[in-house]
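Read through the structure below, which is laid out as structure tokens, and then see the notes.
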Amino acid sequence: MKPARFITLEGGEGTGKSTQAKRLAARLDARGIVTIATREPGGSPGAEEIRKLIVEGEPGRWDALTETLLLYAARTDHVAKAIAPAMEKSFWVVSDRFADSTFVYQGKGRGLDEAQIASIGKAVLGPFVPDLTLILDLPVEEGLKRAHKRAGKETRFEQFDHAFHQRLRDGFLELAKREPQRCVLIDVSGTAEEVEEKIWRAVVTRFGL
């Protein structure tokens with residue numbers, strides 16, 4: 001049995017993380033690797049309740065620090081109730097977003113000091129980091145165009161201005177350059193099937209499947 005792995009998908013709005021996380025989990029399952037697909041904020045009952053506070057409503061509902069505290073409250077529950085128990089059973093976990101999103105959205109996007117975010121994260125997560133992070137990249141205009149086609153109430157971050165979303169993209173690109181040993185940049189401008197193949201190749205290469 002292969003050791004448990006934690007894979008995260010990151011990126012701005014409309015990059016298709018949710019779709020690709022599910023496709024990757026299904027493909028790993030087909031290889032005989034039991035895999036859990038999850039998301040942030042959310043992924044556990046308590047964290048899903050907090051999610052509503054973060055992703056619904058007006059952009060100015062919270063300041064960056066309050067958002068960060070809410071996100072890490074959700075993340076604490078998510079890790080304790082979903083991620084850690086799955087990995088203890090040697091299951092793989094694929095998550096649509098994790099801590100990198102907080103550094104980019106609340107740090108790069110909203111201007112919260114990254115050292116402050118890191119301090120909160122260290123208190124909550126300790127040294128726990130993903131084994132592989134796939135950063136899905138798309139020009140801001142195209143990402144927002146795709147995001148606006150989605151129905152539902154979870155549109156709070158989509159309502160932030162173009163400059164905010166450009167800072168997000170720049171932040172994720174910077175992360176990919178800063179941590180190449182963990183992060184793989186994936187161009188998602190093609191079809192969902194083409195993106196799935198790129199992601200699968202990255203996972204196979206990293207873990208020798």
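These numbers were taken from a predicted model, which means no experiment stands behind them. Counting begins at 1 with the first residue of the sequence.
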Test side-chain contact (heavy atoms from CB on, under 4.5 Å) applied to P85 - qualifying residues, sequence neighbours left out: none
K52/E56 salt bridge by N-O under 4.0 Å criterion: no
Closest approach of A74 to A47 (non-hydrogen atoms, all atoms of both residues): O-CB, 3.4 Å
Of all pairs that satisfy ring-ring contact (aromatic ring centres under 6.0 Å, His included), the ones with a partner from residues 46-90, not counting sequence neighbours: none
Pair I7-V93, side-chain contact (heavy atoms from CB on, under 4.5 Å): steps then yes or no: CA-CA 6 Å; I7 302 171; V93 177; over 6 Å; no
Between CD on residue E142 and CD on residue E13, distance to nearest 0.5 Å: 14.0 Å
Connected via hydrophobic side-chain network under 4.5 Å: I186 and L173: no
Side chain to side chain, M87 and R5, heavy atoms closer than 4.5 Å: no
Heavy-atom side-chain contact between L69 and L71 under 4.5 Å: no
Point-to-point distance, once rounded to the nearest 0.5 Å, from CD1 of I33 to CH2 of W92: 4.5 Å
Check: Q20 side chain, K17 main-chain N or O, donor-acceptor pair, under 3.5 Å: no
Other ILVMFWY residues reachable from L144 by side-chain steps of under 4.5 Å: V140
Set of side-chain contact (heavy atoms from CB on, under 4.5 Å) partners for T19, sequence neighbours left out: R23
E67 and R110 ion-paired at < 4.0 Å: yes
Salt bridge E48-R39, side-chain N to carboxylate O under 4.0 Å: yes
Of all pairs that satisfy ring-ring contact (aromatic ring centres under 6.0 Å, His included), the ones with a partner from residues 8-40, not counting sequence neighbours: none
Donor on one side chain, acceptor on other, R75 and T102, under 3.5 Å: yes
Salt bridge (Lys or Arg N to Asp or Glu O under 4.0 Å) partners for E158, two or more places apart: R150
Distance-only side-chain donor-acceptor flag, E10 / S101, under 3.5 Å: yes
Approximate separation, where rounding is to 0.5 Å, of E179 CD and D100 CG: 6.5 Å
Any residue meeting side-chain contact (heavy atoms from CB on, under 4.5 Å) with D63, in chain and number order, not counting sequence neighbours: L65, T66
Minimum heavy-atom distance D96-S18, with the two atoms named: OD2-OG, 2.6 Å
side-chain contact (heavy atoms from CB on, under 4.5 Å) partners of A37, counting only residues at least two apart: A25
For the student: nearest non-hydrogen atoms of C183 and A176, plus distance: CB-CA, 4.1 Å
Solution key, residues 118-138 side-chain donor-acceptor pairs under 3.5 Å, sequence neighbours excluded:
unit_1 : atom_1 : unit_2 : atom_2 : d
D131   : OD2    : F6     : N      : 2.7
T133   : OG1    : T8     : OG1    : 2.8
T133   : OG1    : R182   : NH1    : 2.6
D137   : OD1    : R169   : NE     : 2.8
D137   : OD2    : R169   : NH2    : 2.9

Under 3.5 Å donor-acceptor, R156 side chain and E58 backbone: yes
Student check: side-chain heavy atoms of T35 and F91 closer than 4.5 Å: no
Side chains of I54 and F157 in contact at under 4.5 Å (non-hydrogen atoms): yes
L53, V55, L70 screened by side-chain contact (heavy atoms from CB on, under 4.5 Å) with P41, the one that passes: V55
Residue pairs passing the salt bridge (charged side-chain N to carboxylate O under 4.0 Å, His left out) test where at least one lies in residues 79-88, sequence neighbours excluded: D77-K81
Side-chain donor-acceptor contact under 3.5 Å, Y105 with R167: no
Residues in salt bridge (Lys or Arg N to Asp or Glu O under 4.0 Å) contact with R27, at least two apart in sequence or another chain: E196, E197
hydrophobic_cluster_shared for I50 and I83, side chain cutoff 4.5 Å: no
Residue pair F98 / V79, side-chain heavy-atom distance below 4.5 Å: yes
Salt-bridge present (E174, K108; N to O < 4.0 Å): yes
Note, K22 side chain near V94 side chain (heavy atom, < 4.5 Å): no
Minimal non-hydrogen separation, S95 against R97, with atom names: OG-O, 2.7 Å
Rounded distance [0.5 Å steps], CD in E141 versus CZ in R146: 12.5 Å
Main-chain N/O of V188 paired with K198 side-chain donor or acceptor, under 3.5 Å: no
Using a 3.5 Å cut-off and no angle test, enumerate the donor-acceptor pairs between side-chain atoms of residues 200-209 and protein atoms at least two apart in sequence or in another chain.
unit_1 : atom_1 : unit_2 : atom_2 : d
T205   : OG1    : R201   : O      : 2.8
R206   : NH1    : Q181   : O      : 2.7

In one Ile/Leu/Val/Met/Phe/Trp/Tyr side-chain cluster, 4.5 Å: L9, V195: yes
